[in-house]
Amino acid sequence: MFPFNMQYPLEEALGEITTLIKSIIPDHKHSIKLETPPDQKMGDIAFPCFSLAPIYKKNPQNIAEDLASKVPSNTWVDHVKAQGGYLNFYLNSTKIVQTTLNEILTRKETYGHLELRHQKVIIEHTSANPNGPLHVGRARNPIIGDTLVRIFRAAGYMVDAQYYLDDMGKQVAILTWGIRHISKTEIPKPQYDKPDHRYVSYYQKAHKSMQEKHEVQNAISTIIKQSEKGDPATLDQIHSAYKPVLDGMITSLNRININIDSYVPESQFVLDKSADYVVNQLKKTPYSHEEDQALYLDLKAYGIQGRNTKFFYLRQDGTTLYATRDIAYHLWKAAHADRLINILGEDHKLESQQVAIALKLLHVTIIPEPVFYSFVSLPGGKMSTRRGRVVYLDDLIQESIARAYDEVKKRRGTELNETKMQMIAEMVGIGAIRYNIIKVQPEKDIVFRWEEALNFEGNAIPFIQYAHARACSILTKARIIPKKVDAQVVTHASEILLLKHLARFPITIKEACEGCKPHSIALYLYETASLFNQFYRDCPVLSVTETHILQARIGVVLATRIVLANALELLGIAAPEEM
RNA sequence: GGGCGUGUGGCCUAGUCCGGAUAUGGCACUGGCCUUCUAAGCCAGGGGUCGCGGGUUCGAAUCCCGCCACGUCCGCCA
């Protein structure tokens, strides 16, 4: 699709500057580190000279001045300036504007995407127990996961989004018992007419009975034991119990534009004996020990500290544990991909570490790279499904769309018809949910507050979608879309600032992918929308009479619209043409 | 008790990996801008011991050590 040595303009410019610096300080051993100056007036790219000072026994400013006089002529740099110990490069604006506009207008929806890598990555996310509806705490997982799926695809990887389905644990066993033993008449009418909401009451009631009655507890234990032995009839019962619940959860995920490619049931690794294989292999390692016929790995040597250096992988009764099966799952994943990413709650940190060590002991080289996110709590404390202290994802979806609808009606009620207002409300409401979650880095813990989750002001999704709609409005009215744009007439400071920012999009994708930092896309989007609004204020488009300036400005608007749409796509958020 | 993570104006947040120029932006607050491409917009203003204390460095929000607060984990649970 792209030429092999494809490079975006800004990368090319950075490459040239690195070469230039190397040519004027040939004995510089370290890699050339370039920075972005804090102010546009100080140039586009900066090279700090402080580390050279002890080598040349001169002060940094003198070195910068000296280097400035030696920079040879080249294609990207307009001029250089020595300032405060930095050698600052000012790029040729026309060139960066021209090449960036050309790239965007040619590549359109693939602008920003990186070269194909022919590498497969499995991103495991969500993997929630299918025993009831998703709540907003868990919703952080699919949103981070799906955004990373989109970012990795844009970065050139082949991605398989996987959901690891726990079909043999306590939770689904309780659900299964409940559905088979509790009468429909005992179940209250659910808040939403969805199977996950309908069936969660069976789980809740069964959980209560289990705590009250020994025979219920025994019955549930039997289900667990049978499933761990791979008993087909039991697994079948469990499957028919959780399947509708899972379908309900998937409906909610689809509603917020999340799609999972494969569902991998945990039982698979018991049935195909790979969990047994894991046990047999671990048994042979020098770290394996026995305690009352149960087996564990002693992880002291691997830096695991505290009371728990024993990592049990086989029970006294010879059955495997969740973690053992998880190791088998990762063995399987490692055989099917070049890289593995796992989106996990911070409570899985220890288990993740234990699995990674076990995989190394089994000589697996493709070790999962975990992305941990912190918990979402409510102002009064933790969320708890059983105590009813939860906000469901479905609650959030409903509220968000309703609130968005009120806003559209308030602003455009007299101009737009009902269908259109509902479509816009859907796009804004869903976008708000995804944006407000993804814009903060995963490791910060979140206290859920409605006013923040439904934030529609300032750094929020309507601001960005509105910028996109504004661009669309101009483009619709302009009617003619120029094929070629003359960058010579793109001279206003706001235009140049905007274009230089659009040039950064590919680098932003690259960095977001390399660091698994989905929130940086949200930040980039906000800055793009903000710069577009400044352009909108300073540079009228449709009223321009000179044809080539008119065409150039339409080109700038179109390019911005494309980048906004592409970045929104990375976040799984709709780009409305009108709002 | 131990491990891991987080701590940035009243509230939320970027920057922390890889140390650099007056610490990013939003909410709220004060004032201004709609006969001109959608004001879900723009402009200006006030507001900061970057949790605390040491250290390394020409230079620390960023690195090192100690402490404090919050989250999370430390089951033959998942």
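Each chain gets a letter, A, B and so on, in the order its sequence line appears, and its residues count up from 1.
Because its NZ or CZ atom is not both nearer than 6.0 Å to the ring centre of A/Phe532 and within 45° of the ring axis, A/Arg470 does not count as a cation-pi partner of that residue. At least one test fails for A/Lys439 against the ring of A/Tyr526: distance under 6.0 Å to the centre or angle within 45° of the axis.
For the pair A/Phe456 CZ and B/rG26 C1', the computed distance is 16 Å after rounding to whole Å. Protein atom CD of A/Glu527 is 12 Å distant from nucleotide atom C1' of B/rG26, rounded to whole Å. For the pair A/Asn455 CG and B/rG26 C1', the computed distance is 8 Å after rounding to whole Å. Atom-to-atom, CZ of A/Arg449 to P of B/rU13 comes out at 9 Å; the value is rounded to the nearest Å. Rounding to whole angstrom units, CG of residue A/Leu299 and P of B/rC73 are separated by 19 Å. As a whole-Å value, the separation of A/Leu525 CG from B/rA14 P is 16 Å. One interatomic measurement links the two molecules: CD of A/Glu266 to P of B/rC77, which rounds to 13 Å at whole-angstrom precision. Between the CD1 atom of A/Ile224 and the P atom of B/rC76 there is a distance of 15 Å, given to the nearest Å.
Relative to the side chain of A/Asn459, the nucleotides B/rU72, B/rU22, B/rG26 differ in distance, and B/rG26 lies closest. Closest contact between the side chain of A/Met579 and the listed nucleotides B/rC76, B/rC37, B/rA40 involves B/rA40. Distances were taken from every side-chain heavy atom of A/Glu443 (C-beta onward) to each of B/rC42, B/rU6, B/rA21; the shortest belongs to B/rU6. For A/His348, the side-chain atoms get nearest to B/rA78 when compared with the rest of B/rC73, B/rA78, B/rC43. Taking every side-chain heavy atom of A/Glu351 into account, B/rA78 is the closest of B/rC76, B/rU72, B/rA78. The nucleotide whose nearest atom lies closest to any side-chain atom of A/Glu452 is, among B/rG5, B/rA21, B/rC12, B/rC12. Comparing atom distances between the A/Ile424 side chain and each of B/rA21, B/rA40, B/rA78 picks out B/rA40 as nearest. Comparing B/rC18, B/rG41, B/rA21 by their nearest atom to the side chain of A/Ala46 picks out B/rA21. Nearest nucleotide to the A/Lys517 side chain, out of B/rG26, B/rC42, B/rG15: B/rG15. Residue A/Arg325 has its side chain nearest to B/rA78 when only B/rC37, B/rC11, B/rA78 are considered.
Remark: A/Arg537 is in phosphate contact with B/rC43, judged by side-chain N or O atoms under 4.0 Å from OP1 or OP2. Between A/Asn533 and B/rC42 there is a side-chain N or O to OP1 or OP2 distance below 4.0 Å. Considering only side-chain N and O atoms, A/Lys444 lies nowhere under 4.0 angstrom from the phosphate OP1 or OP2 of B/rC12. For B/rG15, one of the phosphate oxygens OP1 or OP2 lies less than 4.0 angstrom from a side-chain nitrogen or oxygen of A/His519. Listed pair A/Tyr536 / B/rA39 meets the phosphate criterion, a side-chain N or O lying under 4.0 Å from OP1 or OP2. Proximity of A/Lys382 to the phosphate of B/rU72: a side-chain N or O atom is located under 4.0 Å from OP1 or OP2. In terms of phosphate contacts, A/Gln441 brings a side-chain nitrogen or oxygen within less than 4.0 Å of OP1 or OP2 of B/rA14. Side-chain nitrogen and oxygen atoms of A/Arg315 include none within less than 4.0 Å of the OP1 or OP2 phosphate oxygen of B/rG75. Of the side-chain N and O atoms in A/Lys349, none sit less than 4.0 angstrom from OP1 or OP2 of B/rG3.
Note on A/Ala478: nothing from the nucleic acid sits closer than 4.0 angstrom, heavy atoms only. Contacts of A/Met168 with the nucleic acid, taken as non-hydrogen atoms under 4.0 Å apart, are absent. If you check every strand for non-hydrogen atoms under 4.0 Å, A/Glu291 touches a base. At a threshold of 4.0 angstrom between heavy atoms, the contacts of A/Glu578 include nucleobase atoms, whether or not backbone atoms are also involved. Residue contacts shown for A/Gln83 include a base, since a base heavy atom lies under 4.0 Å away. Residue-level contact check: A/Gln316 touches the bases, meaning some heavy atom is under 4.0 Å from a base atom. Contact annotation for A/Val408: base contact, defined as any heavy-atom pair under 4.0 Å involving a base atom. A/Glu290 comes within 4.0 angstrom of nothing in the nucleic acid, heavy atoms only. Residue A/Cys472 is classed as having no contact, given no heavy-atom separation below 4.0 Å to the nucleic acid. Within 4.0 Å of A/Asp538, counting heavy atoms only, lies no atom of the nucleic acid at all.
Using atom P as the reference point in both B/rC76 and B/rC64, the two lie 34 Å apart (nearest Å). B/rA23 and B/rC50 have their C1' atoms separated by 8 Å, with the value rounded to a whole Å. Comparing the C1' positions of B/rG15 and B/rA60 gives an interatomic distance of 13 Å, to the nearest angstrom. Nucleotides B/rC33 and B/rA39, compared at atom C1', are 9 Å apart to the nearest Å. Separation of the P atoms belonging to B/rG10 and B/rC4 is 31 Å when rounded to the nearest angstrom. Annotation: B/rC68 and B/rA28 have their P atoms spaced 38 Å apart (nearest Å). A distance of about 8 Å separates the P atoms of B/rG9 and B/rG51, rounded to the whole Å. Comparing the C1' positions of B/rC29 and B/rG47 gives an interatomic distance of 10 Å, to the nearest angstrom.
Applying the 3.5 Å distance criterion, the base of B/rA78 shares no donor-acceptor pair with the side chain of A/Asp347.
Within the 4.5 Å cutoff, no side-chain heavy atoms of A/Ile238 are placed close to those of A/Met168. Here the side chains of A/Phe535 and A/Val541 are in contact, with some heavy-atom distance below 4.5 Å.
Here A/Ile464 contributes atom CD1 and A/Ile461 contributes atom CD1; the two are 4.5 Å apart, rounded to the nearest 0.5 Å. Atom CE of A/Met427 and atom CG of A/Leu568 lie 11.0 Å apart (nearest 0.5 Å).
With RNA chain B read from its 5' end, the first of the two nearest nucleotides for A/Ser543 and A/Leu314 is the one closest to A/Ser543.
Partner assigned to B/rC17 is none, using Watson-Crick or G-U wobble distances below 3.5 angstrom. In this entry B/rG41 has B/rC33 as its Watson-Crick or G-U wobble partner, both defining distances falling under 3.5 Å. In this entry B/rC4 has B/rG71 as its Watson-Crick or G-U wobble partner, both defining distances falling under 3.5 Å.
The glycosidic torsion of B/rC34 lies within 90° of 0, which places this base in the syn conformation.
Side-chain contact, A/Asn459 with A/Tyr435: a donor N or O sits under 3.5 Å from an acceptor N or O.
A donor-acceptor pair under 3.5 Å is formed between the side chain of A/Thr324 and the backbone N or O of A/Tyr313.
In this structure, A/Arg411 pairs ionically with A/Glu407, as a charged nitrogen and a carboxylate oxygen lie closer than 4.0 Å.
Between A/Leu396 and the choices A/Leu134, A/Asn436, A/Ile433, the side chain to side chain contact (heavy atoms under 4.5 Å, CB included) rule is met once, by A/Ile433.
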